S.K.: 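Let me give you the structure first, and then I'll get to my questions.
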Number of protein chains: 2
Amino acid sequence: MVDVAKAAGVSLATVSAAVNGSAPVSAALKGRIHKAIRQVGYKTNAIARSLKTGTTSTIGLMVADITNPFFTTTIHAIQELAHRHGYGVMLCCSDEDADKERMHLRLLADRMVDGFIVASAGETPELRALVEGGRTPVVLIDRLVDGLETDAVVIDNVAATRDAVRHLAAAGHRRIGLITGRRTLSTGRERYEGYRQALEEAGIAFEPALVGSARFGADDGYKAAAKLLSLADRPTAIFACNNLSGIGLMRAIHDAGLRCPDDIAVACFDDFDWANVFHPRLTTVAQPTQAIGVQAMLLLLERLKDATARALPPRVVRLKAELRVRDSSVRPAR
Amino acid sequence: MVDVAKAAGVSLATVSAAVNGSAPVSAALKGRIHKAIRQVGYKTNAIARSLKTGTTSTIGLMVADITNPFFTTTIHAIQELAHRHGYGVMLCCSDEDADKERMHLRLLADRMVDGFIVASAGETPELRALVEGGRTPVVLIDRLVDGLETDAVVIDNVAATRDAVRHLAAAGHRRIGLITGRRTLSTGRERYEGYRQALEEAGIAFEPALVGSARFGADDGYKAAAKLLSLADRPTAIFACNNLSGIGLMRAIHDAGLRCPDDIAVACFDDFDWANVFHPRLTTVAQPTQAIGVQAMLLLLERLKDATARALPPRVVRLKAELRVRDSSVRPAR
DNA sequence: TGACGTCGTCGAAACGTTTCGATACGAATT
DNA sequence: AATTCGTATCGAAACGTTTCGACGACGTCA
């Protein structure tokens, strides 16, 4: 920039003003300056600017599993919107590990990101400090964390799960199994609650033996499912609380020599492209993944753009998920 | 840091030396300084450091489709390794659009990332300038770009496709269709070449009508597949050059009232978890996605770590893909 | 005992911006 | 003609580090 100033025969301050439009500059000088910029091949140094302004035009995005299609489309939406507003996205993945998450949050904070969007793997001092510090806006996605008062966008897990299990009950199933996720996560708890509600609604007694627990991951899902399937009086329908355990469930069914939906009905959380093309076509709870990303980024942008919005009380947006009934949950007519 | 210096009663330079170990500091002072750091709650400002040192400890990662499981596991591997070496990852997604890619490359360059890993959607002046500038190391993944002399890690697409098509031919198919990707991409060209080679090897005449073209995307794949299936003398087997067109292909088969593998055999590029659990279980060419990420990051780290490696001639690593034969490509015995 | 390294510490410059207050100048107002 | 005002420009300080050269103290060797 100093070279540009020299080449154009003006002061540093004027060049800065011309580049950023932060102060009036006469047309003549503007012309000279832009010519000089091209001549010198000047590119503004974002680091220096960040140091001075205290903002990096970068947001930190922290997800639990970048390999999961659910997060993937959400990330995509966030990125798209962020870039359109001139923000870069620094991506971190906790692999559902709270310690990794802490490390990455520190990394992001060190890099002075302007804001955070995080799908937390669990409450940590770092996350709490971030939120309570109030210096950097934080938007939670997918998972709420207890006692953390900040913006968030999640779905109505209770209702979504209730709908799905209700659907199974309506099809005549009385022994409905559940493969639940980690109960330390709000999603895990809420989906469990939805299951209980649906059972109660249908007048089915809750039976602890019918709920298997899988931390996230297809292999865990497999084990939990295998256990349910080996029960003497095994369930006639199973709901899996996320897509990975859904995969595990399907594998377990296959390995047990059972057929879906003939021998056992299946539904699971999280829709994906393939669910609709291979067999059995899977009944799923489709989350509005795109909308989650967009909403989260919009909330963040509001806080980022004008200082007054910084002080707004936390807003939590709850979106609705949609039950997509396909073959896996309905026994074929014979 | 100035506060720390004041609190510890030492100079700024000494604090810096103590923090970074860049110069000897007596044990006594070290103690005082660290105590002061805790007292003051000092956190090093990465931006200021970057400005001074000219490095950001951040790499730019540019992929074509973040929604695609292929890229997703590669990204994951890159991230993991990057973080372990203290690098942050700035993720951009071009959506297979060269213009978007240009924009994002500029964004990354402005942010002064220390290195790039890019799956390019096509040659652009920005990418070329980056590579030829030689200031920032670039490693290409998945796709080579013509005339760009830089590190790269790709797979042997010719061999992989040849193997897959050979497998179809060996099963007795003589009319083997191809759904090819964009020929502007090295992957598209190479896979096409593999197809030709396999045909020739099997003594099958090449028939232009049997190759459909799909830019990436499931819908394109669907259209291309539908066209092939509506041929009077339609192919008895089809190979799809990527996972998305594979999905489209399966949908098209279903909509045409055909069954796979009974009526038509299918194989496609890119393996994914689900391929092995739903029916028909898909025959795929499994890329070593994890290894691609690891290799790419290793190449980049070498260039990043020591200055002498900067001058090394470009290295391109070619990994092997693996054909996973499952149900979709073999007609069941009757 | 004097010259000479070595070790530990420090002051100050530098990285490339932004921004504040000062200044210059012509036009508008009295 | 003197005052005021707005506009355009500039000089210089500041952001928070790193790093280079200088410097004093101390031990070692001739």
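Here is how names work: the chains are called A, B, and so on, in the same order as the sequence lines, proteins then strands, and each is numbered from 1. Quick caveat, the model's predicted, so the values are computed rather than measured. What you see below is based on every heavy atom in this structure, not just the backbone, and it leaves out hydrogens, waters and symmetry mates.
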S.K.: Enumerate the salt bridge (charged side-chain N to carboxylate O under 4.0 Å, His left out) contacts for residues 20-29 of chain A, please, sequence neighbours excluded, ordered by first and then second residue.
M.R.: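 Every pair satisfying salt bridge (charged side-chain N to carboxylate O under 4.0 Å, His left out) with a residue in residues 20-29 of chain A: there are none.
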S.K.: B:L108: which residues meet the side chain to side chain contact (heavy atoms under 4.5 Å, CB included) condition with it, sequence neighbours left out?
M.R.: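 Result, side chain to side chain contact (heavy atoms under 4.5 Å, CB included) vs B:L108: B:M90, B:C92, B:V113, B:F116.
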S.K.: Take the C1' atoms of the five end pairs on each side of the helix from C:dT1-D:dA30 to C:dT30-D:dA1, derive the two axes, and give their angle rounded to 10 degrees.
M.R.: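 Axis angle across the helix from C:dT1-D:dA30 to C:dT30-D:dA1, nearest 10°: 50°.
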S.K.: Suppose the criterion is salt bridge (charged side-chain N to carboxylate O under 4.0 Å, His left out): which pairs have a residue in residues 51-77 of chain B, not counting sequence neighbours?
M.R.: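 Listed by first then second residue: nothing to list.
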S.K.: List the residues meeting side chain to side chain donor-acceptor pair (under 3.5 Å) with B:E123, not counting sequence neighbours, and say none if there are none.
M.R.: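 B:R128.
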S.K.: Distance under 4.0 Å to a non-hydrogen atom of chain B counts as contact; along DNA chain D, which nucleotides mark the start and end?
M.R.: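 First and last nucleotides in contact are D:dG16 to D:dT19.
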S.K.: Could you report the tightest heavy-atom contact between B:R303 and B:R315, atom names first, then the distance?
M.R.: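 Nearest heavy atoms, B:R303 then B:R315: NE-NH2, 3.2 Å.
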S.K.: For A:V317, enumerate each residue passing the side chain to side chain contact (heavy atoms under 4.5 Å, CB included) test, keeping only those at least two apart in sequence or located in another chain.
M.R.: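 In terms of side chain to side chain contact (heavy atoms under 4.5 Å, CB included), with neighbours along the sequence ignored, A:V317 is linked to A:V153, A:Q295, A:L299, A:L319.
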S.K.: Can you tabulate the close N/O pairs, meaning under 3.5 Å, that link protein atoms to atoms of nucleotides 26-28 of chain C?
M.R.:
none

S.K.: Please list, by residue number, the residues of residues 7-33 of chain B whose heavy atoms come closer than 4.0 Å to an atom of DNA chain C; answer none if no residue qualifies.
M.R.: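 Result for residues 7-33 of chain B: B:V10, B:S11, B:A13, B:T14, B:P24, B:V25, B:S26, B:L29, sorted by number.
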S.K.: Does any donor atom in the side chain of A:E101 or A:S120 lie under 3.5 Å from an acceptor atom in the other side chain?
M.R.: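 There is such a pair (donor and acceptor under 3.5 Å, judged by atom type) between the side chains of A:E101 and A:S120.
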S.K.: Taking only residues at least two apart or on different chains, which pairs with a member in residues 29-43 of chain B satisfy side chain to side chain donor-acceptor pair (under 3.5 Å)?
M.R.: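 Applying side chain to side chain donor-acceptor pair (under 3.5 Å) to every pair that reaches into residues 29-43 of chain B, excluding sequence neighbours, yields A:D110-B:K43.
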S.K.: What are the two closest non-hydrogen atoms of B:D151 and B:P314, and how far apart are they?
M.R.: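 Looks like OD1-CA, 3.4 Å.
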S.K.: Answer whether the closest heavy-atom distance between the side chains of B:V63 and B:I75 falls below 4.5 Å.
M.R.: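 Answer yes - side chains close enough.
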S.K.: Sequence neighbours excluded, which residues qualify as ring pair (Phe, Tyr, Trp, His ring centres under 6.0 Å) partners of B:H83?
M.R.: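 Ring pair (Phe, Tyr, Trp, His ring centres under 6.0 Å) list for B:H83, sorted by chain: A:H104.
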S.K.: Not counting sequence neighbours, which residues clear side chain to side chain contact (heavy atoms under 4.5 Å, CB included) with B:S16? List them please.
M.R.: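 Side chain to side chain contact (heavy atoms under 4.5 Å, CB included) list for B:S16, sorted by chain: B:M1, B:N20.
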